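Have a look at the structure below before the remarks.
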Amino acid sequence: NFPDVKPLDIQVPNFPADETKGFHQVPFASTVFIERTDFKEEPEPGYKRLAWGQPVGLRHTGYVIELQNVVKSPNGCVECLEVTCRRTDAGEKPKAFIHWVSQPLVCEIRLYERLFQHKNPEDPAEVPGGFLSDLNTLIFNRTVTLKEDPGKV
């Protein structure tokens, strides 16, 4: 029941703690993506995010979503949540507001573990061979070339 056929443009502050630093627009469409940790079918006591009978606000939108259906894969994993969407009333305030994205960019995410095996790799008592001997697998990723002059090839 998304309120509009086309995406809405939501004004989001660049720095939520200081709105004087400007805003940018974020599209808000009928399909939104949330973090897996922002939903639980069987929440523990004190859980404030999306669950059965527990609506949440979508941060910066002025809208509240409420769970209607959980779509699962054949192996039982949650694939999709079907929700209803409504404007937040002045008297009604959800228990929590969650982050969301509506039209995500395709990207590759690399999660790195600890660089060193010990907490203090520079401590000779902890790492006798020096910090270079304490590295986990060393991987270098080049993000830009290291040309000195942009005119040279």
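For clarity, every value in this text was computed on a predicted model and none was experimentally measured. Index from 1, following the sequence.
Within 6.0 Å of the CZ atom in Phe131, the count of heavy atoms belonging to other residues, nucleotides or ligands does not exceed 12.
Scanning all heavy atoms of the two residues, the minimum distance from Glu41 to Trp52 falls at O-CD1, 3.6 Å. Shortest non-hydrogen contact noted between Val127 and Asn120 is CG2-O, 4.1 Å. The shortest non-hydrogen separation linking Ile10 to His60 is CG2-O, 3.2 Å.
Sorted by first and then second residue, the salt bridge (Lys or Arg N to Asp or Glu O under 4.0 Å) pairs involving residues 20-29 (not counting sequence neighbours) form an empty list. Applying the salt bridge (Lys or Arg N to Asp or Glu O under 4.0 Å) test to pairs two or more places apart or on separate chains, none has a residue in residues 117-135.
The SG atom of Cys85 sits 11.5 Å away from the CD atom of Gln68 when rounded to the nearest 0.5 Å.
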Discussion item. Walk me through whether Glu79 and Lys72 qualify under side-chain contact (heavy atoms from CB on, under 4.5 Å).
Written reply: CA-CA 5 Å; Glu79 285 189 345; Lys72 294 184 178 184; over 6 Å; no
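Residues that satisfy the salt bridge (charged side-chain N to carboxylate O under 4.0 Å, His left out) test with Glu66, not counting sequence neighbours, are Arg86. Shown here are the salt bridge (charged side-chain N to carboxylate O under 4.0 Å, His left out) partners of Lys40, two or more places apart in sequence or in another chain: Glu44. Taking Phe23 as the reference, Gln11, Pro13, Glu19 meet the side-chain contact (heavy atoms from CB on, under 4.5 Å) condition, with sequence neighbours excluded. Take Gln103 and apply the side-chain hydrogen bond (donor to acceptor under 3.5 Å, both in side chains) test, not counting sequence neighbours, and it matches no residue. Residues satisfying the side-chain contact (heavy atoms from CB on, under 4.5 Å) criterion with Cys107, sequence neighbours excluded, are Ile109. With sequence neighbours left out, Lys48 forms a side-chain hydrogen bond (donor to acceptor under 3.5 Å, both in side chains) with no residue at all. In this structure, the side-chain contact (heavy atoms from CB on, under 4.5 Å) partners of His99, at least two apart in sequence or on a different chain, are Arg59. In terms of the side-chain hydrogen bond (donor to acceptor under 3.5 Å, both in side chains) criterion, Gln25 has no residue partners (sequence neighbours excluded). In this view, Asp9 satisfies the side-chain hydrogen bond (donor to acceptor under 3.5 Å, both in side chains) rule with no residue, not counting sequence neighbours.
Using a 4.5 Å heavy-atom cutoff, the side chains of Thr20 and Phe15 are not in contact. Looking at Ile98 and Phe39, their side chains never come closer than 4.5 Å, going by heavy atoms from C-beta outward. Taking the side chain as every heavy atom from C-beta outward, Glu82 and Val71 approach each other to under 4.5 Å. Counting heavy atoms from C-beta on, the side chains of Val56 and Phe97 never come closer than 4.5 Å. The shortest distance between side-chain heavy atoms of Trp100 and Ile65 does not fall below 4.5 Å. Asn69 places none of its side-chain heavy atoms less than 4.5 Å from the side chain of Leu81.
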What pairs of donor and acceptor atoms, side-chain ones from residues 26-38 against any protein atom, are under 3.5 angstrom apart with sequence neighbours left out?
residue: Asp38; atom: OD1; partner: Arg49; partner atom: NH1; Å: 3.3

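No continuous path of hydrophobic side-chain contacts links Val12 to Val101 [ILVMFWY only; heavy atoms under 4.5 Å]. Connection of Val83 to Val70 is established within a shared hydrophobic cluster, with ILVMFWY side chains joined at heavy-atom distances below 4.5 Å, either directly or through further cluster members.
Gln54 contributes a side-chain N or O that, together with a main-chain N or O of Tyr47, makes up a donor-acceptor pair within less than 3.5 Å.
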